[in-house]
Amino acid sequence: DVKVTQSSRYLVKRTGEKVFLECVQDMDHENMFWYRQDPGLGLRLIYFSYDVKMKEKGDIPEGYSVSREKKERFSLILESASTNQTSMYLCASSSELANTEAFFGQGTRLTVV
Amino acid sequence: RKEVEQDPGPFNVPEGATVAFNCTYSNSASQSFFWYRQDCRKEPKLLMSVYSSGNEDGRFTAQLNRASQYISLLIRDSKLSDSATYLCVPQMGSYQLTFGKGTKLSVIP
């Protein structure tokens with residue numbers, strides 16, 4: 001079974017803190033993604049990576065950065081957390097083969113206070 | 001025009017009913033199409049792919065109309081366990097996925 005594991009299910013951080021969300025996949029997938037999901041807004045792509053050390057901005061990259069030093073790990077960084085970054089964060093991975101499904105982690109519910 | 005449009009619902013249907021969801025997409029270059037299912041407070045999971053000729057998987061039937069840029073999902077004989085949000089996902093290549101906001105289904109006893 002494909003497994004995408006996010007480091008935390010729930011996280012509470014203070015405004016201004018630097019926050020790291022970690023994601024690890026065990027299927028040797030080339031592509032990895034970070035989304036946030038908010039009520040009424042659906043899934044919005046923050047960043048994605050199609051190879052080690054490669055990253056591309058998604059639809060809402062402002063206030064975020066990412067790191068992919070190893071193929072299996074993709075980290076999302078909130079440089080200075082703000083209350084409007086309170087959300088559910090979902091990591092996903094997929095094969096480089098075209099038109100294959102994405103596998104999601106269980107999500108991290110981040111609350112910034 | 002939004003990239004992927006879905007009726008948000010909720011669709012409240014009795015057990016055993018047939019229900020259909022529609023989805024329109026704006027990117028005509030989309031090459032493949034999927035329906036994902038997301039249970040409350042869980043991650044999305046693939047329900048089924050959508051092929052040009054239409055395809056069926058048990059009680060679920062998916063249809064694609066490329067000319068109209070329209071995808072549908074039909075669920076027959078609804079079960080309580082079908083209650084979830086259904087996400088329409090056109091995809092181009094291996095990493096250009098576009099998720100719809102989803103349609104919420106509640107199957108009522």
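Chain identifiers are assigned alphabetically (A, B, ...) following the order of the sequence lines, protein sequences preceding nucleic acid strands; residue numbering begins at 1 within each chain. In this text the structure is predicted, and so the values were computed from the model without any measurement.
- If you measure heavy-atom distances from B/Gln6 to chain A, you find no contacts under 4.5 Å at all.
- For A/Ala102, the parts sitting under 4.5 Å from any heavy atom of chain B are the backbone and the side chain alike.
- For the set B/Arg41, B/Gln31, B/Gln96, B/Lys45, the count of heavy-atom pairs under 4.5 angstrom toward chain A peaks at B/Gln31.
- For residues 43-54 of chain A, the set of pairs meeting the side-chain hydrogen bond (donor to acceptor under 3.5 Å, both in side chains) definition, not counting sequence neighbours, comprises A/Asp38-A/Arg44, A/Ser49-A/Arg68, A/Lys53-A/Glu69.
- Linking Ile, Leu, Val, Met, Phe, Trp and Tyr whenever their side-chain heavy atoms come within less than 4.5 Å leaves A/Phe48 and A/Leu21 in two separate clusters.
- Put simply, A/Tyr10 and A/Val19 are part of two different groups of oily side chains (I, L, V, M, F, W, Y) that touch within less than 4.5 Å, one to the next.
- Tracing side-chain contacts under 4.5 Å through hydrophobic residues (I, L, V, M, F, W, Y), one never reaches A/Leu41 starting from A/Leu76; they form parts of separate clusters.
- Heavy atoms of A/Glu56 lying under 4.5 Å from chain B are absent altogether.
- With a 4.5 Å cut-off on non-hydrogen atoms, B/Pro44 touches chain A through its backbone and its side chain both.
- The structure places CG of B/Leu47 at 11.0 Å from CD of A/Glu101, a figure rounded to the nearest 0.5 Å.
- Linking Ile, Leu, Val, Met, Phe, Trp and Tyr residues whenever their side-chain heavy atoms come within less than 4.5 Å places A/Leu78 and A/Trp34 in a single cluster.
- The hydrophobic cluster containing B/Val19 also contains B/Leu73, counting ILVMFWY residues as joined when their side-chain heavy atoms lie under 4.5 angstrom apart, directly or transitively.
- In this structure the side chain of B/Leu97 reaches within 4.5 angstrom of the side chain of A/Phe33, judged on heavy atoms.
- Between A/Leu43 and B/Phe99, the shortest heavy-atom distance links the atoms CD1-CD2, 3.5 Å.
- Shown here for B/Gln38 and A/Leu90, the closest heavy-atom pair between the two residues is NE2-CD1, 4.4 Å.
- Only the side chain of B/Tyr36 comes within less than 4.5 Å of a heavy atom in chain A; its backbone stays farther off.
- Membership of the apolar cluster around A/Phe20 extends to A/Ile77, as traced through chained side-chain contacts below 4.5 Å between ILVMFWY residues.
- A 6.0 Å sphere centred on OH of B/Tyr70 holds more than 12 heavy atoms belonging to other residues, nucleotides or ligands.
- Heavy-atom pairs under 4.5 Å with chain B were tallied for A/Ser95, A/Ser94, A/Gly42, A/Gly105; the largest tally goes to A/Gly105.
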